[in-house]
Structure formats: structure tokens, C-alpha cells
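For reference, the structure discussed in these notes is given below.
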Protein chains: 2
Amino acid sequence: MVVEEQIVAMKSDFFKALAHPTRVRILERLARNGEEVCVCELIEDLGVEQSNLSQHLSILRKQHIITSTKVGLKVMYRIKYPEVLTIMEKVQKILAQQFQEGEALMRHLADR
Amino acid sequence: MVVEEQIVAMKSDFFKALAHPTRVRILERLARNGEEVCVCELIEDLGVEQSNLSQHLSILRKQHIITSTKVGLKVMYRIKYPEVLTIMEKVQKILAQQFQEGEALMRHLADR
DNA sequence: CAACTATTTAATAATATTATAATATATTTT
DNA sequence: AAAATATATTATAATATTATTAAATAGTTG
């Protein structure tokens with residue numbers, strides 16, 4: 001069935017959208033505030049180039065993981081689906097378990 | 001703090017490991033069985049080249065998302081952390097919501 | 001131990017992602 | 001309406017990921 005393949009592709013696209021440090025940091029920043037955060041504040045907090053941040057926001061927007069509203073000159077972003085937060089928590093939990101097993105950080109530092 | 005950055009990198013590496021259709025399919029196949037599945041069966045079910053599959057398994061192994069045990073000639077794989085299943089379910093749920101909003105499949109087919 | 005089976009690893013060419021730099025758009029202020 | 005501000009888009013060179021092919025391991029069976 002061809003639709004099944006499309007859905008799998010959508011899932012991997014979803015994960016691909018999360019698969020970059022800057023985008024993880026964007027989501028964690030948006031998660032912390034709970035409410036809307038403007039791009040200008042993200043630039044400040046994450047300390048990345050404006051253009052680069054904008055591209056990462058664009059990738060998250062395309063997957064509809066975040067949405068934006070324009071307020072005057074500013075654009076406010078927020079996480080669209082609360083499930084995204086759950087996913088972030090679960091990853092945190094998996095890493096925590098890996099730490100307990102003494103695998104995580106050492107491996108990460110070593111083999112890349 | 002430098003450790004924070006390492007952790008963010010680990011999270012994005014985790015997502016990167018899930019960010020490929022074949023690897024999503026591997027996990028869904030392992031999730032279905034619940035128990036161990038050998039490589040030979042994955043080749044059959046997913047219909048991918050043996051060598052290519054092995055590389056994808058390697059990527060999932062490096063992130064300790066799956067583990068393997070050797071039984072005779074065969075290598076049996078299984079999902080290591082149940083949280084991975086939760087994550088897959090949440091993604092499914094997000095996509096389902098996007099479908100309800102009529103956004104998902106059309107967008108996916110359109111803009112890539 | 002030689003042939004066989006199951007799987008992994010290595011090399012590589014094609015493709016995709018990324019950061020940077022430059023430019024464009026849209027809103028506000030003067 | 002020109003200047004200023006906030007953000008987005010485009011082009012591109014550097015880097016990373018991928019599928020394919022070929023070769024290497026490691027167990028098993030005769």
C-alpha cells in the first residue's frame with residue numbers, strides 16, 4: 001500500500017525536523033516559556049545568526065511542529081502540539097537511563 | 001555550560017537516528033513483534049538490500065535504540081527502551097491530528 | 001578445515017543538509 | 001515616503017548522509 005509509505009516518510013520527516021541541535025534548543029526554549037516567544041528573543045537566548053535561526057524555524061514550521069503569529073514587527077512562535085513536549089521528555093528519559101548504564105556521554109564524546 | 005551542549009547534541013543525534021524511512025520501518029517491525037527479530041526476517045519484511053539494512057541497524061545500535069544478540073548464525077534485534085515506542089505513538093498521534101486539520105498528506109505530497 | 005550462511009564493514013559516488021553572506025519583504029516610526 | 005527594525009528568502013560552498021558494490025568476519029555444517 002502506497003499510503004503506508006507516505007506515512008512512514010512523514011514520520012521520518014518529522015524526526016528529521018528535530019534532528020539538529022539548534023532545532024532541539026528552539027523547542028526546549030519554546031517549551032520552557034510555555035507561551036509565545038519572539039524570534040528576537042530566540043536569537044538572544046540561543047546566540048545564533050538571525051538568518052540561520054530563521055531557516056531552522058522554517059524547517060520546524062514546514063512540519064507544523066511550531067506555528068507563528070505576527071504581532072507588529074515581531075513574529076511570535078509557539079509549539080503546536082503538546083505531544084512534542086512528551087517526545088522531548090521521553091528522549092530525556094532514555095538518555096538518563098543510558099547515563100545510569102554509563103553509556104551515554106562517554107560514547108557520545110568518543111565515537112563521532 | 002558545556003555538558004548542556006553535549007546533551008542537546010545527544011538528543012539531536014537520537015532524532016537523527018530515527019530520521020530515515022527505513023529506520024522507522026525497522027522500529028515499527030520490531031515494535032510489532034514485541035520480541036526479537038532476526039536480520040534475515042527484516043530483510044524479507046522490509047525488502048531492502050542486506051548491506052543497506054545492516055548500515056541502518058548500525059546507526060540505531062550506535063544510539064543504543066536497539067540491541068542485538070547473536071544466536072548461531074543469526075543476529076536477533078530488539079528495541080531497547082520502551083520509551084521509543086511511546087515516541088513513535090506520539091508522532092503517529094501528531095500526524096493523525098494534522099490529518100484531521102487536512103494538512104498532512106497533501107502538504108507532504110506537495111512541497112518536497 | 002573447506003564450503004556455506006548470515007551479517008558487518010569499507011569504499012565511493014550521488015544526494016541532502018548546513019552555515020554564511022547577501023538580498024528581499026513587511027511593518028513601524030519619523 | 002524614507003529610514004529603521006524584525007524576519008524571511010536565496011545562493012552557495014562545505015559537510016554529512018545515503019545506496020550500491022565489493023570485501024571482510026564469524027559462526028556452522030559436512
Side-chain angles (χ1 to χ4, degrees), chain A residues 5 8-27 29-30 36-78 108 110-112, chain B residues 5 8-27 29-30 36-78 108 110-112:
Chain A
E5 282 168 36
V8 167
M10 288 168 62
K11 287 175 184 172
S12 61
D13 284 347
F14 178 91
F15 288 124
K16 204 174 289 180
L18 305 186
H20 190 285
T22 299
R23 297 197 288 270
V24 167
R25 297 216 293 144
I26 289 169
L27 292 177
R29 180 64 190 80
L30 294 181
E36 302 188 319
V37 180
C38 72
V39 177
C40 52
E41 204 172 330
L42 289 170
I43 292 170
E44 286 285 299
D45 291 3
L46 308 190
V48 302
E49 281 294 321
Q50 180 271 317
S51 170
N52 191 214
L53 175 62
S54 195
Q55 286 176 90
H56 285 300
L57 289 171
S58 167
I59 289 167
L60 289 170
R61 243 187 300 120
K62 270 196 189 128
Q63 294 305 315
H64 292 242
I65 293 170
I66 60 180
T67 41
S68 59
T69 49
K70 192 150 194 178
V71 180
L73 273 177
K74 299 185 173 180
V75 177
M76 311 296 289
Y77 278 93
R78 64 184 170 287
H108 179 259
D111 63 31
R112 330 183 320 146
Chain B
E5 282 169 37
V8 166
M10 288 168 63
K11 288 175 184 172
S12 61
D13 283 348
F14 178 91
F15 288 123
K16 204 173 291 182
L18 306 186
H20 191 284
T22 300
R23 298 196 288 272
V24 167
R25 297 214 295 144
I26 289 169
L27 292 177
R29 180 63 190 80
L30 294 181
E36 303 188 318
V37 179
C38 73
V39 176
C40 52
E41 204 172 331
L42 289 170
I43 293 170
E44 285 285 301
D45 290 2
L46 308 190
V48 300
E49 279 295 320
Q50 181 271 317
S51 171
N52 189 215
L53 175 63
S54 193
Q55 286 175 90
H56 285 298
L57 289 170
S58 168
I59 289 168
L60 290 169
R61 241 188 301 119
K62 270 195 190 130
Q63 295 305 315
H64 292 242
I65 293 170
I66 59 179
T67 42
S68 60
T69 50
K70 193 151 193 177
V71 179
L73 274 180
K74 298 187 173 179
V75 177
M76 310 296 289
Y77 277 93
R78 62 181 170 289
H108 179 259
D111 63 33
R112 329 185 317 148

* Asked: Quick one: on DNA chain D, does A:Gln50 or A:Leu73 contact a more 5' nucleotide (nearest heavy atom)?
  -> A:Leu73

* Of all the nucleotides listed (C:dT9, C:dT7, C:dA26), which has the minimum atom distance to the side chain of A:Lys70? -> C:dA26

* Asked: Are A:Arg29 and A:Glu41 ion-paired here, with the side-chain N under 4.0 Å from a carboxylate O?
  -> yes

* Which whole-number value in Å describes the distance from B:Glu41 CD to C:dA6 P? -> 13 Å

* To do: Specify the separation, in whole Å, of atom CD of B:Gln55 and atom P of C:dA11.
  => 12 Å

* Asked: Between A:Ala19 and A:Gly72, who's closer to the 5' end of DNA chain C by nearest nucleotide?
  -> A:Ala19

* Structure fact -> Note: B:Pro21 and A:Val8 closest approach over all heavy atoms is O-CG1, 3.5 Å

* **Stepwise side-chain contact (heavy atoms from CB on, under 4.5 Å) check, A:Arg78 with A:Thr67** => CA-CA 6 Å; A:Arg78 64 184 170 287; A:Thr67 41; 3.8 Å; yes

* Parallel, tilted or perpendicular: rings of B:His20 and B:His56 (30°, 60°) -> tilted

* Take B:Ser68 and A:Glu49, find for each the nucleotide of DNA chain C with the closest heavy atom, and name the residue whose nucleotide sits nearer the 5' end. => B:Ser68

* To do: In sequence, state the C-alpha distance, the side-chain angles, and the governing distance for A:Cys40 and A:Glu44, and then conclude on side-chain contact (heavy atoms from CB on, under 4.5 Å).
  => CA-CA 6 Å; A:Cys40 52; A:Glu44 286 285 299; 5.9 Å; no

* For DNA chain D, which nucleotides open and close the run of contacts to chain A, 5' to 3', at under 4.0 angstrom from a non-hydrogen atom? -> D:dT5 to D:dA11

* Any N/O donor-acceptor pair, B:Ser51 side-chain to C:dT9 base, under 3.5 Å -> yes

* **A:Arg23 side chain vs A:Lys16 backbone, donor-acceptor pair below 3.5 Å** => yes

* Asked: Nearest-Å distance, CZ (B:Arg61) to P (C:dT7)?
  -> 12 Å

